[in-house]
Amino acid sequence: MIEKTFDHKEAFKKWSKVWDETSLYKCDIESAKKPFYNLWMFPYPSGARMHVGHAYASTGSDIIGRYKRMQGFDVFQPMGFDAFGIHGENYAIKIGQHPLKLMEDLCNRFRDEQFKAIGHGYDWSREIRTYWPSYYKWTQWLFIKLYEAGLAERKEAQVNWCPSCKTVLADEQVIAGECERCHSVVKKKLLKQWFFKITKYSQKLLDNLDKIDWSPKVIEAQRNWIGRSEGALIKFEIFNFKFEIEVFTTRPDTLFGATYIVLSPEHPLVFQITTVGQQEKVQKYTSDSLAKSEIERTLTEKEKTGVFTGAYAISPVNGKQIPIWVADYVLSGYGTGAIMAVPAHDARDFAFARKYNLPIIEAIARINESNKTNVTDEVYEGDGVLVNSGKFDGMTSKEGGEAIVKKLEGLECGKFAVNYKLRDWLISRQRYWSAPIPIIYCKKCGTVPVPEESLPVELPYVEDWKPKGDGRGPLANVYDFVNTVCPKCGGSAERETDTLDNFLDSGWYFFRYPYSQREAVPFDYQEESFKKWFPVHLYIGGAEHSVLHLMYTRFLTMALHDMGIVPFDEPFIKFFAHGHVTKNGKKMSKSLGNIVNPDEYIDKIGADAFRIYLMFMGPYSQGGDFNDRGISGVTRFLERFYRLALRDLKSLKLSKSLKTKNEVEKALAKTISKVTADIEEFRYNTAISAMMTFVNVWEKETLLKERVGDVVKILAPFAPFMAEELWQEYFVDKGGEFKSVHKELWPIVDKNLLVEDIVTIPITVNGKLRGKITVPSDQLDDATAVLKMAKSEEQILKYLLTNIIKKEIYIKGKIINFVI
RNA sequence: GCCGAAGUGGCGGAACUGGCAGACGCGCGGGUCUCAAAAACCCGUGAGGAUAAAACCUCGUGAGGGUUCAAGUCCCUCUUUCGGCACCA
């Protein structure tokens, strides 16, 4: 007899057509009773095709979506493309095509040739693309809402400039001094730019981390990025000047050890206090260090440099005069851009003081006296007891710090303060391919936001769209775009020509999905349905967006909440960070030439096998190295599965009264409960191995038709095509209404089948395995009887005959140990 | 430098809350089927020792120490790899 094997191409064609025709994955937003918003970070097309990383991440999201659907949830699983912005534009530059045409093609291809091929249950009827005017109209609306709320501001600042992308970048987009996208070394540039005041939410962004269910590593990354530290602001008067310098310190307890002050080169007081004799040196030093990139500054870390300004500050506690220096180891953007240097208790100050022969005074005695070294030999950064600190001597660091700040408060030259590393979000970009910032500059009325009824400010189609690098965006050269009329006074005015950071385009997209067909609103927060779908129930994505996308979405949601627009302040109840697929241990990238394309695999082994292969590589949270050596294992598994299903289903047609053995039923019950628990925890690899284990048992015994149905159901989220094929062939009335396996209810396990009647208990002697006994499960509670049985076990007996038992341990149902 | 995660067979990885280490899969060895091969199926597979064969014994989760009747799992020290942050006062 020739066995029919599963034809994945045939099944793919057949079922994707039926799923499309019956709108299987379309979600009824309004009438859904058990909503489950299953969101996966939409991709940005920055290459010709999706790579295996997209397939990996999205498959993990699709599996939980399918599972939830079978749990009776109304699953909303939308998809779209983050196709506006610098990544797509850079690709367009590379291949020399206009980004509009290119993105249109790429998104269509991703959707029609790739996403559909892998069998994900997306509701494409609500697709969004960030470059569609119907979408970015609302991105601009959001900008204006933030502007009106006082959260958007235009200011001149030293900003990060990527010379290769020819645009500014937000702090979050600078990774170790390099551009997040192209890895060029980022320079500083003084420009007037738009910022969102995310720092207003520093504390809330931090506090809320305790109440959201997110992958811990993302929480930790955000916490570090926000970088809260507690300390004090202290004012130092300047000798012979009326200015004051304010410094931030986390160690007010070391104030008596401050022997000099350091200003960052960007500090506004530098030139006002520098004495005539020092002017030339200071001038040269500051201009040199401003010309350096961040990375050059940090690379010279070992060799700290600085110059004396000639001025002196007066210590507010003891009136001592201490010199004021300028040095670029002090950063302008953190705290006040100035520090009190305590070389005895700070490694950086210590190194600097040693180099320039500045005094080192101990303010904290080392707690560990045993290894007392000279203060000029070694820095001590720990806590201790105050010394050389006048009436504060003898206090601990904690007490002393508090007492000193309280005293300064009395003198009105100091106070407790909290500082954050988080900076405001720079959102201007000197690029073409994103939403224009909807602002008009009028000579008479000043800065005027574009009124909502005039949105969108459409991005003009131009041929000359490449970045110029002169600090202005390409739109600045588009006469018809720039010149406009003021919405307030009707006089002639000019448009802002920078575009919005792509992270704003993608910062709110999840709000748009359910309402993507609506023209009059961005999302309908007044509707009943809004409360059903938000906050998003589950968000899956990569941890590389911890401090970018995920921080911005939280900020935007908080801002919308405070405006009274959304009734919650966190966008995602649960966020799960999936792992990444590497190739030969390295991140896949075009430059390394190690990108794996999923298409050929899907073509060869089918979407089902490919999905399972990807998920079987390792835990979804960890990713893994792509290596197709093991791929035959999963195809073999699916083929065996299919063959066994047919074996039992076909034979049942002949004889319905086939008696199944209890063993296989029990094994199935165990499998279902394991697979269920594993999916809930995103442990897809062990869910798959549980099904494989089951197939090994199934091979030996037959199953009743109904039970075969259960196995098909638990396979369905992983292998949607094969499951559908089996289901339609054997479990539904042909010719009737189409009832997909993907809408069947997930099997419920009969708890009785999970209980074992006989339990095997290992017996150890001095912790080493020496034997086993089997005990009927109703006798497990009787420790005396179990131990008695254990003692008479053949192997154990020989140890017990020649030794005395010192101790006997029995852990119910688990283990027996004799200490002899 | 700081923070986080991890180190388990030839390989990817299992092991709930301290209780039989190596599930499942790959690879490999042997076999069945075949003229032969492929496919499929069956048996074996951590290392070492012992035996005619078994039973059996010793070692074994990056290294070293510790807690415990019992440690891959907990504690301390060290080490390597990966990820994040990085002169943040």
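Since we're looking at a predicted model, the values are computed, not measured.
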* To do: Only pairs at least two apart or in different chains count here, so list each salt bridge (charged side-chain N to carboxylate O under 4.0 Å, His left out) that has a residue in residues 760-772 of chain A.
  =>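 Checked against salt bridge (charged side-chain N to carboxylate O under 4.0 Å, His left out) - neighbours excluded - no pair reaches residues 760-772 of chain A.
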
Under the side-chain hydrogen bond (donor to acceptor under 3.5 Å, both in side chains) test, residues paired with [X] that sit two or more places apart:
X: A/R423; value: none
X: A/T760; value: none
X: A/T693; value: none

Considering only [options], which nucleotide approaches the side chain of [X] most closely?
X: A/T250; options: B/C24, B/G19, B/A89; value: B/A89
X: A/R640; options: B/C85, B/C41, B/C87; value: B/C41
X: A/W225; options: B/C85, B/C41, B/A89; value: B/C85

For the pair made of [atom1] in [X] and [atom2] in [N], what is the distance, rounded to whole Å?
X: A/E699; N: B/G25; atom1: CD; atom2: C1'; answer: 15 Å
X: A/L638; N: B/G25; atom1: CG; atom2: C1'; answer: 13 Å
X: A/Y684; N: B/C24; atom1: OH; atom2: C1'; answer: 19 Å
X: A/W698; N: B/C24; atom1: CH2; atom2: C1'; answer: 17 Å
X: A/I324; N: B/A89; atom1: CD1; atom2: P; answer: 22 Å
X: A/Y329; N: B/C87; atom1: OH; atom2: C1'; answer: 9 Å
X: A/I605; N: B/A39; atom1: CD1; atom2: P; answer: 16 Å
X: A/K217; N: B/A6; atom1: NZ; atom2: C1'; answer: 11 Å

Any protein N or O atoms within reach of nucleotides 55-57 of chain B? Criterion: under 3.5 Å, listing atom names and distances.
| unit_1 | atom_1 | unit_2 | atom_2 | d |
| --- | --- | --- | --- | --- |
| B/C57 | OP1 | A/R770 | NH1 | 2.9 |
| B/C57 | OP1 | A/Y799 | OH | 2.7 |

Pick the [atom1] atom in [N] and in [M], then give their distance to the nearest Å.
N: B/C57; M: B/U8; atom1: P; answer: 28 Å
N: B/G46; M: B/A40; atom1: P; answer: 23 Å
N: B/A54; M: B/G44; atom1: C1'; answer: 16 Å
N: B/A5; M: B/U58; atom1: C1'; answer: 35 Å
N: B/U17; M: B/G29; atom1: C1'; answer: 40 Å
N: B/G72; M: B/C59; atom1: C1'; answer: 16 Å
N: B/G60; M: B/A47; atom1: P; answer: 16 Å
N: B/U73; M: B/G83; atom1: P; answer: 26 Å

Donor-acceptor side-chain pairing of [X] and [Y] below 3.5 angstrom:
X: A/E172; Y: A/W425; value: no
X: A/R228; Y: A/Q203; value: yes
X: A/T199; Y: A/Y420; value: no
X: A/T702; Y: A/D648; value: no

* Syn or anti for B/G30, with syn set at within 90° of 0? ->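 You should classify B/G30 as anti.
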
Pick base, sugar-phosphate or nothing for [X], based on heavy-atom distances below 4.0 Å to the nucleic acid.
X: A/K421; result: base
X: A/S546; result: nothing
X: A/I761; result: nothing

* Taking only Lys NZ, Arg NE, NH1 and NH2, and the carboxylate oxygens of Asp or Glu, determine whether A/K9 and A/D7 approach each other closer than 4.0 Å. =>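 So A/K9 does not pair with A/D7 through a salt bridge.
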
* **A/K791, NZ atom: more than 12 neighbouring heavy atoms under 6.0 Å** =>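 Yes - once you tally the heavy atoms of other residues, nucleotides and ligands closer than 6.0 Å, there are more than 12.
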
Can you sort out the partners of [X] under side-chain contact (heavy atoms from CB on, under 4.5 Å), two or more places apart, ordered by chain and number?
X: A/L780; answer: A/V759, A/I761, A/V775, A/S777, A/Y810, A/K812
X: A/S215; answer: A/V218, A/F576, A/A577
X: A/V159; answer: A/A157, A/V168, A/L191, A/Q193, A/F195, A/L426

* **Upstream residue (5' side of RNA chain B) when A/I631 and A/T760 are each assigned their closest nucleotide** =>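 Whichever sits nearer the 5' end wins; that is A/T760.
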
* Considering heavy-atom distances to RNA chain B, does A/R636 or A/E639 have its closest nucleotide positioned more toward the 5' end? ->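 Of the two residues, A/R636 wins.
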
* To do: Confirm from the modelled atom types if A/K772 and B/C20 form a donor-acceptor pair under 3.5 Å, side chain to base only.
  =>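 Side chain to base: pair present.
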
Taking only nitrogen or oxygen atoms into account, show me every contact under 3.5 Å that the protein makes with nucleotides 9-14 of chain B, one pair per line with its distance.
| unit_1 | atom_1 | unit_2 | atom_2 | d |
| --- | --- | --- | --- | --- |
| B/G12 | O2' | A/M617 | O | 2.7 |
| B/A14 | OP1 | A/N685 | ND2 | 3.0 |

* Structure fact -> Scoring nucleotides 66-74 of chain B by protein non-hydrogen atoms under 4.0 Å (B base, S sugar-phosphate only, - none) yields ---B-----

* Asked: Can you check ring-ring contact (aromatic ring centres under 6.0 Å, His included) on A/Y56 and A/F626, steps first, answer last?
  -> CA-CA 10 Å; A/Y56 179 81; A/F626 189 89; 9.6 Å; no

* Taking Watson-Crick and G-U wobble pairs with both distances under 3.5 Å, convert RNA chain B into its dot-bracket string, 5' to 3', dots for unpaired and | for cross-strand pairs. => (((((((..(((......[....)))((((((.......))))))((((......))))..(((((..]....))))))))))))....

* Asked: Would A/S229 and A/N419 count as a side-chain hydrogen bond (donor to acceptor under 3.5 Å, both in side chains) if you check the C-alpha gap in whole Å, the side-chain angles of each, and the deciding distance to 0.1 Å?
  -> CA-CA 5 Å; A/S229 50; A/N419 223 305; over 6 Å; no

* To do: Could you pull out all residues at least two apart from A/F416 that satisfy ring-ring contact (aromatic ring centres under 6.0 Å, His included)?
  =>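 Counting only residues at least two positions away or on another chain, A/F416 forms no ring-ring contact (aromatic ring centres under 6.0 Å, His included).
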
